[in-house]
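Here is how names work: the chains are called A, B, and so on, in the same order as the sequence lines, proteins then strands, and each is numbered from 1. None of the values given here were measured: they were computed from a predicted structure.
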Amino acid sequence: GQNIDQPTEMTATEGAIVQINCTYQTSGFNGLFWYQQHAGEAPTFLSYNVLDGLEEKGRFSSFLSRSKGYSYLLLKELQMKDSASYLCAVRDINQGGKLIFGQGTELSVKP
Amino acid sequence: EPEVTQTPSHQVTQMGQEVILRCVPISNHLYFYWYRQILGQKVEFLVSFYNNEISEKSEIFDDQFSVERPDGSNFTLKIRSTKLEDSAMYFCASILDRDNQPQHFGDGTRLSIL
């Protein structure tokens, strides 16, 4: 089966750093993706990992450990506009390469 | 930067009616997807499409659903006889290389079934 877990919600302060964790169990793995989704809008791509290690893109970084089935998204220098839902998604290795999404973590950034 | 475009942005339909949601994927992309997101719930995979045929579909994608690529640009999702529980945001996504790139999502169609 396939299961992706991430915290339901988190709160952080403007200017701070926040880490959003994601654990997964899948029958076939071909990459882990992080998307940002503001209410009523489409998911927008942030970062992805296929191999173990850290990928850095500006204020956003994502880490993957395939042996542990674990990833995190790190957001630095938080801004109010970072308040959104952050979606962890695993790409299935089979067939069409569908994405399997977690429930999302609702991040609230406070002044 | 090229985008996936979806129309309409909002569709209101009576239960039992047919609805067609339209997507124009990024022009050189080869793999196409439909996902849906019921309000307050997670994004769910519906169907993937490659080389003019369905490559995978989920349990949600029953006989009431169909997809088509009628020409070189459009990718459509049809729901034959809508139900109240079909009310959701529907997202189209496309990708050039299935294994090495992220999927790019359109802005979505909000489908409301009355």
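Distance check, rounded to the nearest 0.5 Å: SG of B/C23 to CZ of B/F75 gives 7.0 Å. Of the inter-residue distances, the one linking A/L54 atom CG with A/L74 atom CG reads 8.0 Å to the nearest 0.5 angstrom.
Of all the listed residues (B/A93, B/S58, B/G108, B/P102), the one sharing the greatest number of non-hydrogen pairs under 4.5 Å with chain A is B/P102. Contact count versus chain A (heavy atoms, under 4.5 Å) is highest, among B/H104, B/R110, B/Q101, B/M89, for B/Q101. Top candidate by heavy-atom pairs under 4.5 Å with chain B, chosen from A/L99, A/V50, A/N30, is A/L99.
Neither the backbone nor the side chain of B/E44 comes within contact range of chain A, judged by heavy atoms closer than 4.5 Å. B/L39 does not touch chain A: none of its heavy atoms, backbone or side chain, sits under 4.5 Å away. In this structure, chain A has no heavy atom under 4.5 Å from any part of B/F49. If you measure heavy-atom distances from A/E41 to chain B, the contacts under 4.5 Å come from the backbone alone. Heavy atoms of A/Q37 lying under 4.5 Å from chain B belong exclusively to its side chain. Residue A/L87 touches chain B through its side chain alone, counting heavy-atom pairs closer than 4.5 Å.
Side chains of A/Q19 and A/N21: a donor on one and an acceptor on the other come within 3.5 Å. Using modelled atom types, one finds no donor on one side chain facing an acceptor on the other under 3.5 Å when comparing B/T109 with B/Q11. A side-chain donor-acceptor contact under 3.5 Å links B/Q103 and B/Y35.
Hydrophobic clustering (ILVMFWY, side-chain heavy atoms < 4.5 Å, transitive): B/Y50 and B/I54 are in distinct clusters.
A/R66 and A/D52 are joined by a salt bridge, as a carboxylate oxygen and a charged side-chain nitrogen come within less than 4.0 angstrom of each other.
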